[in-house]
Every structure is written in C-alpha cells, then in structure tokens.
Amino acid sequence: MPELPEVQTVVDHLRADLVGEKIIAIRPIWLKVLHNFDPNDLFKKNHGLEIKDVTRRAKFIIFHLPSSLLAIHLRMTGKLYIFNEEIPKHTTAIFELESGKKIIFEDTRKFGRIYLYENLDLINKRHGIEPLSAEFTKTWLFTELKKKKRNIKALLLDQSFIAGLGNIYTDESLWVSGIHPNSISNAISKTAVIKLHQAIQTLLRDAIEAKGTTIINFSFLNGQSGNYADQLRIFGRQDETCFKCGKEIEKIRVAGRGTYLCNQCQRKYK
DNA sequence: GGGATTGTTTAAAC
DNA sequence: CGTTTAAACAATCC
C-alpha cells in the first residue's frame, strides 16, 4: 500500500534516471489504466515529450512534460520502475523512452491510473495540505481539528484534508501520540494534537529515510524495497504486545479500515 | 468464496 | 442546507 513515503521513494529514484529523457510512446496493456487520454492524440504532433521533472503531490507521481503533466496513482498494488528485460505478468502500461529504456507500470489489482492534465489545478483542488510542508504546523492542525467533529482516523485518511497518509501511517501516528482512532477531532486535547503533529512529521521523514515500508504489496525499482516495516510499532501487530505498556494489541474496524491500536495507551477523546 | 485493500464518486443520513 | 458518513465501484489474491 504505497503511501506518501513510498511514493516519495519512487519519485526520488525515478527523477535521477528520467529527467531529460523523452517519452516516445505510452502503450496501455490494460486499457482502463489510461483514465482520460489517448496516447495516439498525445503523440500525434509530438515525436517525443521531454520529462522536465518528476515530483510528488499527495500520493501522485507527477511527470512534468513541456506543456502538460502525467499524474500516476499507484493505488494499492501499483509499481513503477525502469526495466528493459521481459515484461512482467501484471503490467498495465509501458512508457517507451527515446533512449530505449522502458518504464513499467505493474499493477496486479489494476486500480492504479494514469491521468493527463494541463497543470496541477484539479489535483490541488481535491487534495489538502502536504504534511511535510511548512504550512503544516501544529497550530494549523489544532485549529482545523477544532473546526470539525469527525472521527480522527477517518479525517487523517481524508485526502482532501491532509494528503498522503494511508492506513499504515495513520495507525502509527495515532499510537505514537496516544490518541484512540475513534476519537472525535475537536475533542482531542491540545497537548495530544501537538504530539500527533510531531508524530506525523517524524514518522513520514523516518519512513522516507528508510525508503518506505515493505508490507503486503509495495516494492519499487525491480524488486528493491524499503525497510521501514522493521520500525512499525502498531500496524499489523495484532495479538502481539504494545511496546509502551505490554498490553495486547487489538484490531478493530474504523472508517471501514482494519485498525490496530492499544486500548490502554490510546485515549478516546469524545 | 468472502473479505480485504485504495481513493473517487454518489447517495444517504445527520 | 451544509456537513459528515456510508456504500458502491474498480480487480485480484488467498
């Protein structure tokens, strides 16, 4: 499940190899992967589209082209990497480069999509603050949580509120800050919100440093993968014991997602 | 074969 | 009526 740190890891690796390269064709293997454009139109008048930069916004990988951009969302099982041998089984699209390199979009569940946009306006409109940006301050978080009466886990997962957190880093940050996932956002104490803010930033930075979490479905660059899974403190540890208090970790359902928590360390603010 | 998984979209409920 | 929640959807694996 690629979340912000995993997407950032893919972006960092691709940028080094792809900036300055020209895309000469995009071949969809599974047709629905191209969400809103036809590569025939795109390449009709352009023989090659230079990749000016590769960046991240929310959980999108953005290829900046001369007058447009490609936004790639990995969803659950997508992988994007440079490959020049045989084509893997679950490949949904292939980008061919002028140099002969190929970028493979491999996606077993086929939820991943490629979008073509003129600019980032539409993505920006639908997505909230970047948790690693300067704008994401503890004051901002406290103010915004006060404005809403929503389930805290659902709110942290809501991409239009804060962009980039998924199930793993949400559970981790709530455990670190001692907040029960079923807490109501505006009832959480200021001290706890400050801890939450700190936890989100620290966890994301550490996970990027570790090149992401290798769990369930994520890998990048032809099989290489990150090792943040070693540092997970609550996610996936059902029936094991809490690192803080030793109590058994529970798995419940919150906001429609499997949720791991320590009932003793995480206080429910209502 | 049922459940789990993602974010967007749509519908329903508060 | 605006805000929040729930359900449906895409597809596959075990």
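The sequence lines fix the lettering, A, B, ..., with proteins before strands; numbering per chain opens at 1.
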> Which is the 5'-most and which the 3'-most nucleotide of DNA chain C that has an atom under 4.0 Å from a heavy atom of chain A?
Replying inline: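 For DNA chain C, the relevant span reads C/dT4 to C/dC13.
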Suppose you measure atom [atom1] in [N] against the same atom in [M]; what distance do you get, rounded to whole Å?
{"N": "C/dA7", "M": "B/dG3", "atom1": "C1'", "answer": "16 Å"}
{"N": "C/dC13", "M": "B/dT8", "atom1": "P", "answer": "24 Å"}
{"N": "C/dT4", "M": "B/dT6", "atom1": "P", "answer": "22 Å"}

>> Assess whether a salt bridge exists between A/Glu106 and A/Lys89, defined as any Lys/Arg side-chain N lying under 4.0 Å from an Asp/Glu carboxylate O.
In response: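 No, no charged N to carboxylate O under 4.0 Å.
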>> Could you check whether A/Arg257 pairs with A/Asp171 (Lys NZ or Arg NE/NH1/NH2 to Asp/Glu carboxylate O, under 4.0 Å)?
In response: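 Here A/Arg257 does not pair with A/Asp171 in a salt bridge, since their nearest N and O are not under 4.0 Å apart.
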> Does a nitrogen or oxygen in the side chain of A/Arg109 sit under 4.0 Å from OP1 or OP2 of B/dA4?
Replying inline: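 False: A/Arg109 side-chain N/O out of range (4.0 Å or more) of B/dA4 OP1/OP2.
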>> Please confirm whether the shortest side-chain N or O distance from A/Arg113 to OP1 or OP2 of B/dT8 is below 4.0 Å.
In response: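 No, outside the criterion.
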Under 4.0 angstrom, heavy atoms only, what part of the nucleic acid is [X] near: base, sugar-phosphate, or nothing?
{"X": "A/Gly166", "answer": "nothing"}
{"X": "A/Asp107", "answer": "nothing"}
{"X": "A/His127", "answer": "sugar-phosphate"}

Whole angstrom is fine here: how far is it from [atom1] in [X] over to [atom2] in [N]?
{"X": "A/Phe111", "N": "B/dA4", "atom1": "CZ", "atom2": "P", "result": "14 Å"}
{"X": "A/Lys149", "N": "B/dA13", "atom1": "NZ", "atom2": "P", "result": "21 Å"}
{"X": "A/Asp171", "N": "B/dT6", "atom1": "CG", "atom2": "P", "result": "10 Å"}
{"X": "A/Leu157", "N": "B/dT5", "atom1": "CG", "atom2": "C1'", "result": "12 Å"}
{"X": "A/Leu74", "N": "B/dT8", "atom1": "CG", "atom2": "P", "result": "13 Å"}
{"X": "A/Arg75", "N": "B/dT8", "atom1": "CZ", "atom2": "C1'", "result": "6 Å"}
{"X": "A/Gln159", "N": "B/dT8", "atom1": "CD", "atom2": "P", "result": "7 Å"}
{"X": "A/Tyr169", "N": "B/dT5", "atom1": "OH", "atom2": "P", "result": "16 Å"}

Min side-chain heavy-atom separation [X]-[Y] under 4.5 Å:
{"X": "A/Glu50", "Y": "A/Glu21", "answer": "no"}
{"X": "A/Thr91", "Y": "A/Phe105", "answer": "no"}
{"X": "A/Tyr260", "Y": "A/Glu172", "answer": "no"}

>> Both A/Thr259 and A/Phe60 contact DNA chain B. Taking the nearest nucleotide for each, which residue is further toward the 5' end?
In response: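 With A/Thr259 and A/Phe60 compared, the 5'-side residue is A/Thr259.
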> Looking at A/Phe243, does the NZ or CZ of A/Arg237 lie under 6.0 angstrom from its six-membered ring centre and within 45 degrees of the ring axis?
Replying inline: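 The answer is yes; both the distance and angle limits are met.
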>> I'd like to know whether A/Glu6 forms a side-chain hydrogen bond (donor to acceptor under 3.5 Å, both in side chains) with A/Tyr169, so could you lay out the CA-CA distance, the side-chain angles of the two residues, the decisive distance to 0.1 Å, and finally the verdict.
In response: CA-CA 11 Å; A/Glu6 291 76 33; A/Tyr169 297 102; 2.6 Å; yes
